[in-house]
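Right, one structure below, let's go through it.
Below, all heavy atoms of this structure are taken into account, side chains as well, without hydrogens, waters or symmetry copies.
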Amino acid sequence: MAFLAGARLSPPDAQPLLGFLVAGFLLLVAGLAILTARRQSPPLRSAHGTRRALFYALVYALCSGCFARVVAPALLAREHSPWLLALGDVMFVTLGLFVWVMAIAEGHAWRDYGFRGGRPTRFALTLALGVGIAFFYSARRYAEVTAGIVTVTPDSLVFALVFAIVGSALPEELLFRGYLQGSLDPRTNRWARVVVPALAFTAMRSLRFLPGVDVPAASWLFHVVGISLPLGLWWGLMRDLAGGSLWPGLLSHFILEFGPALASASPTAAGP
C-alpha cells in the first residue's frame, strides 16, 4: 500500500459499494457456519489441519476482498470523509473477530499458533530485522506524517490503528503464519513451511486492490510480486528464526501498515 497511494485512475465514488459490503458480511457468516458445523478437533499439525487453515484463508480472502472494494478510496488517499473511515473501522474489527472466532473454535492452544516467546538473542535479532524491513517499505509514508505533509485527525488515527492491528496484522499473522504455517510443522521442511503460507498470503493480498480499477496494472503487479510476496516469505522466515514465535512478525506487520494507512487516511495539510 505504501507504493500505491497516489496511483489514481478515477475519482472516488460518492457512495460506498453496498453490494460488496453486504457480500463481505454474508461470506463471513456463511464461511464460519460451514467451517464450524459438526467440527471435529484434529491435531493442528496434520494434513486435516492444513486443509482447514486453507479453507479459513479462502473465506478471509474473499471477505477482505469485498471489504477492500468499499474502503479502497481511504487506503489509496482518495477520500478522507469521517463516515468512510468509521465504516472501515467496523469492517476491520469484523475481520479481526472472524479470525479470533476461528482460533477459539478450532480449540488449539494459543502457544501452537505462535503466541509465545523464544530465546532472547534470536528473538531480539528477529525483531530488529522485522522492524527494519517494515520501515524500509514504509519510511516514505511515515516521513509524510512527521513532516506535516498530511494533517492527522482523530478519525484518521483511529482508522490507521484499527486497520493496522485488528484489520491486518493480527488476523493475517494468526491465520497465515500462526495456523497455516503451524499446521505444516513438522510434516514439511522449512522452506515449504515458509513458501506455502506466503503464496496463500500473496493471493489474498492480490484482492485488496484491483488492476485497472484501483491502480494501474503495473503498480498492482509490483504490489503483489514486489511487496506482498517478499513480505509473506520474510514474515514466515521470521517465525521460524524466532523459534516459532509470532510476536516479531506481528510487530513488523503493524509497523508496515500503520504509517501508510495514517498518511493515506489523513488529508493533506493544504487541503480542507
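- Looking at heavy atoms from C-beta onward, Leu256 lies in side-chain contact with Leu231 at the 4.5 angstrom threshold.
- At a threshold of 4.5 Å between non-hydrogen side-chain atoms, the residues Leu161 and Leu157 count as touching.
- Listed for the Arg239 side chain is a donor-acceptor partner under 3.5 Å among the backbone atoms of Gly178.
- Side-chain contact between Tyr142 and Phe258 is present, with heavy atoms from C-beta onward closer than 4.5 Å.
- Between Glu257 and Phe163, some side-chain heavy-atom pair lies under the 4.5 Å cut-off.
- The distance from the OH atom of Tyr60 to the CG atom of Leu174 is 10.0 Å, given to the nearest 0.5 Å.
- Using a distance-only test at 3.5 Å, with no hydrogens or angles considered, no donor-acceptor pair links the side chain of Ser264 to the main chain of Ala261.
- Under 4.0 Å is where a charged nitrogen must lie from a carboxylate oxygen, and between Arg205 and Glu172 at least one such pair does.
- At a threshold of 4.0 Å, the pair Arg208-Asp214 does not count as salt-bridged, since none of the basic side-chain nitrogens sits closer than that to a carboxylate oxygen.
- At distances below 3.5 Å, at least one donor-acceptor pair connects side-chain atoms of Arg187 with backbone N or O atoms of Ser183.
- Between Leu75 and Phe209 there is a side-chain heavy-atom pair separated by less than 4.5 Å.
- Pairs engaging residues 152-161 under the side chain to side chain donor-acceptor pair (under 3.5 Å) rule: Thr153-Ser156, Ser156-Ser266 [sequence neighbours left out].
- Cluster membership check: Phe176 shares its hydrophobic cluster with Ile104, using side-chain heavy-atom separations under 4.5 Å among Ile, Leu, Val, Met, Phe, Trp and Tyr.
- Cluster annotation: Leu199 and Val196 are assigned to distinct hydrophobic clusters (Ile/Leu/Val/Met/Phe/Trp/Tyr, side-chain heavy-atom contacts under 4.5 Å, transitive).
- Contact annotation: the side chain of Thr50 approaches that of Leu180 to within less than 4.5 Å [non-hydrogen atoms, C-beta and beyond].
- With a 4.5 Å cut-off on side-chain heavy atoms, Val152 and Val145 count as touching.
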Using side-chain hydrogen bond (donor to acceptor under 3.5 Å, both in side chains), reason through Ser245 and Trp247 one step at a time and then give a plain yes or no. CA-CA 6 Å; Ser245 176; Trp247 292 113; 4.6 Å; no
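- The list of side chain to side chain donor-acceptor pair (under 3.5 Å) pairs with a residue in residues 107-120, not counting sequence neighbours, is empty.
- Using a 4.5 Å heavy-atom threshold, the side chains of Phe67 and Phe20 count as separate.
- Arg193 contributes no side-chain N or O that, together with a main-chain N or O of Leu184, makes up a donor-acceptor pair within less than 3.5 Å.
- By the ring-ring contact (aromatic ring centres under 6.0 Å, His included) test, His253 is found to be paired with Trp235, residues two or more places apart in sequence or in another chain being considered.
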